[in-house]
Amino acid sequence: MIQIYNSLTRKKEPFTPITPGEVKMYVCGMTVYDYCHLGHARVMVGFDMIVRYLRARGLKVTYVRNITDIDDKIIKRAAENGEDIRVLTDRFIGAMHEDERALGVLPPDAEPRATEHMDGMLKMIGVLQKKDYAYRAANADVYYRVRKFARYGTLSGKSVDDLQVGARVEVDEQKDDPLDFVLWKAAKPGEPLWDSPWGPGRPGWHIECSAMSMDCLGNHFDIHGGGMDLKFPHHENEIAQSEAATGEQFVNTWIHVGFVRVNEEKMSKSLGNFFTVREILKSYNAEVVRYFILASHYRSPLDYSDESLDQAKSALARLYTALKDQPLVSVDAAESKYEQAFFGAMDDDFNTAVAVSVLFDLAHEINRLKTTDVSGAATLAVRLRRLGDILGLLHRDPDEYLKGKPRVYERRLTDTVSVTDTAKIQYEMSEQRIEELICERTAARQAKNWSESDRIRDELMAKGVILEDGAGGTTWRRA
RNA sequence: GGCUGGGUAGCAAAGUGGCCAUGCAGAGGACUGCAAAUCCUCGGACGCCGGUUCGAUUCCGGCCCCAGCCUCCA
C-alpha cells in the first residue's frame, strides 16, 4: 500500500485512487518567459519520479502538467525583447523540453497551454458569477469573493482573519474585500486580449489551472501538485474556484515539493540567486543533477552547492562502476530483499533517499561477488538496473557514462520514450588523444619504464582522466 | 504578529524507544611496479533544558536557532 503525505490533511495517508487502478494527476508547470532553474528541475524530476513509481506499481497514470503562456511577466518580457508573445513562449517551451529530456523527465501525457483553454476559464467564471462567487468591479476586472467560500484556508492552514491582519498587499479599492483575487483582468491599452462577457481582457493566474485541470481530468481527480510556494495562494485559490463552481471535492491528495536553497536561502527568480539547468549542465552530467535531486526526500529543502553536486557525481560513479562489464542476463521477477527494501521505502511517501541507499547495497554486493560468483553478480546488476530505472537513473552504458561520452542511446528497461543527446560538457582532452597516450604508457610499462609510465598517467590526471590498470589492460574514465 | 517545515557525525542525507542507514571525505589493512577501482576493518551524530521510561536522537513540555508562506515565484 502506497502512503502519500497529503498537504491538505498534513499527514501521510494510504493512497486510494478514485477509479481503482487509475491515477489522474495534475501538476502546475512553468510560466514560460525564462529558462528553467534548478527549482523548476526539482519539481519536474520529483513528479517524474512519482509518475514512474506509480506506473511501476501497476497503476495507469494520466499525468497533466500545464504551461502558463499568458501572464504579466510574459507580456513585460516580450515587450522588452520587442518580440511577439507567442514567439517568446514557444522558444522557452522548447528550452524547457530540452532541459527536461536531459534530466530524464518523461513527457507528461498532456501539456495544456493556458491560451488554449480560454473557453473553460470563461465558462467557469460565468458559473462563479451566477453563484455570486464572482463579481465584476467598476474597472471591468472580475474578482472572486473569498469570504463567501467557507473552507478558504484549509490547504494552507490560514484563517481568513489572520490573512487580513498580516496583509501587506496594497489594498485595491476596486475589490469588495482586500482578500478577493482576480479571475479576469480587463485589458489595458497594448495588452493582448480575449473577448469575454465582462469585456476584453485576460485570465487571472489561478483560474487557468482550475480550468485546465478540470478540462483534462474532470471535476474531481486524485493528485494535484507543484512547488511548495504554490500552496498559498495559488492552490488555495484553485480549490476555492473549483469547488465553488462544481460543488464537488476538487482534489484528493495535494503534493508539494520542497524548495531548492542556496546558502540557506530559497532559490528564486526575485532573489536572483538561481542557477539555470543549462548553466549547471555545462559542468555536470544531467544524470548527476537528477541523482542529486533524488538523493534527498522530495519534501525536504535541498541545498545547492558545488560540493553537493561533486558528491553526487562521485556517488553515481560508484553505481556505474559496479555495473561496468556486467552482462545483461535474464533474471526472474521474484523479489529479492533488495526489491523489498526498495519498494518498502518508495511506498512510504516516495522515500527516494532510502531507495537510493538500496542501490548502494546492491552495488556493494555486486562488487563483492565479482570475483567469487560471476553469475550472482550479473543477476544483481540486472536488479540494480531495474531499480535504478524506476528512479530514471542508471539507463546508460556504464563505460560510456564513466568516459563522459555524449548520450547516444539509452538502454531502457521500462521507458518507451526516446531521449535526445544533450551533452554540454567540454572536455580538455579528446578520446583519441587519451587512447594514444594510453598506448604509449602501455609500451613504457612493458619496458618497466615506470617514470615515463607515471608521467603519462599524471599528465592524463591533470586533464581530468583517471586510469585503471586491470588484468585485461588499462581502462580510463573521466574524473 | 499568524501559519508551515526544519535543526542528525567534516560534508550530504534517511530513520528509529534499546540492535549497521547510505553516499562523499578521513584512518589502517588487502590487492597493485606505484596508483586507481574494489574488498576488509575503523573512528565520529542526533540544537539546548527538563519530564515520561529499565532505557530517548526517537515520546511529552519549554527554550534557542534556521528556512518558508501570509505579495509574483516551482
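Mapped onto RNA chain B by nearest heavy atom, A:A317 and A:K231 fall at different nucleotides, with A:K231 at the one closer to the 5' end. Nearest-nucleotide assignment on RNA chain B puts the 5′-proximal partner with A:L467, out of A:E365 and A:L467.
A side-chain donor-acceptor contact under 3.5 Å links A:E13 and A:N6. No side-chain donor from either of A:D71 and A:Y33 sits under 3.5 Å from a side-chain acceptor of the other. Side-chain contact check for A:D469 and A:T474: at least one donor-acceptor pair (N or O, by modelled atom type) lies under 3.5 Å. A donor-acceptor contact closer than 3.5 angstrom is absent between the side chains of A:H206 and A:H235.
Pair assignment for B:U53 gives none, since no Watson-Crick or G-U wobble pairing has each distance under 3.5 Å. B:C69: Watson-Crick or G-U partner is B:G2, with both key distances under 3.5 Å. The nucleotide B:A12 finds its pairing partner in B:U22, both defining distances of the Watson-Crick or G-U wobble pair being shorter than 3.5 Å. Nucleotide B:A74 forms no Watson-Crick or G-U wobble pair with any nucleotide shown, as no partner meets the under 3.5 Å limit on both distances. Using the Watson-Crick or G-U wobble rule with both distances under 3.5 Å, B:U38 pairs with B:A30.
Per the stacking criterion (ring centres < 5.5 Å, plane angle < 30°), A:F259 does not stack onto the base of B:A74.
Rounded to whole Å, the C1' atom of B:U41 lies 38 Å from the corresponding atom of B:C65. Between the C1' atoms of B:G15 and B:A45, the separation comes to 13 Å (whole Å). Here, B:U52 and B:G6 have their P atoms 27 Å apart, quoted to the whole Å. The C1' atoms of B:G68 and B:U22 are separated by 28 Å, rounded to the nearest whole Å. Comparing B:G44 with B:U32, their C1' atoms are spaced 30 Å from each other, to the whole Å. Using atom P as the reference point in both B:G5 and B:C60, the two lie 14 Å apart (nearest Å). Taking atom P on both nucleotides, B:C70 is separated from B:C59 by 30 Å, rounded to a whole Å. Taking atom P in both B:U57 and B:U8, one finds a spacing of 15 Å when rounded to whole Å.
Within 4.0 Å (heavy atoms only), A:G258 reaches at least one base atom of the nucleic acid.
Across B:A36, B:U71, B:A21, the shortest atom-to-atom separation from the side chain of A:P233 is found for B:U71. Taking only side-chain atoms of A:K158, from C-beta outward, the nucleotide of B:G2, B:A14, B:A74 with the closest atom is B:G2. Out of B:A13, B:C73, B:G33, the shortest distance to the side chain of A:S268 is found at B:C73. In the set B:A35, B:A21, B:C11, B:A35 carries the atom at the smallest distance from any side-chain atom of A:D469. Side-chain atoms of A:R445 lie closest to B:G33 of the nucleotides B:A14, B:C72, B:G33.
Considering CZ of A:R202 and CD1 of A:I207, their distance stands at 15.0 Å, rounded to 0.5 Å.
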Pair A:F343-A:I390, side-chain contact (heavy atoms from CB on, under 4.5 Å): steps then yes or no: CA-CA 10 Å; A:F343 286 110; A:I390 292 172; 3.9 Å; yes

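At least one side-chain nitrogen or oxygen of A:R318 sits closer than 4.0 Å to the OP1 or OP2 atom of B:U38. Taking side-chain N and O atoms only, A:Y304 has no distance below 4.0 Å to OP1 or OP2 of B:A12.
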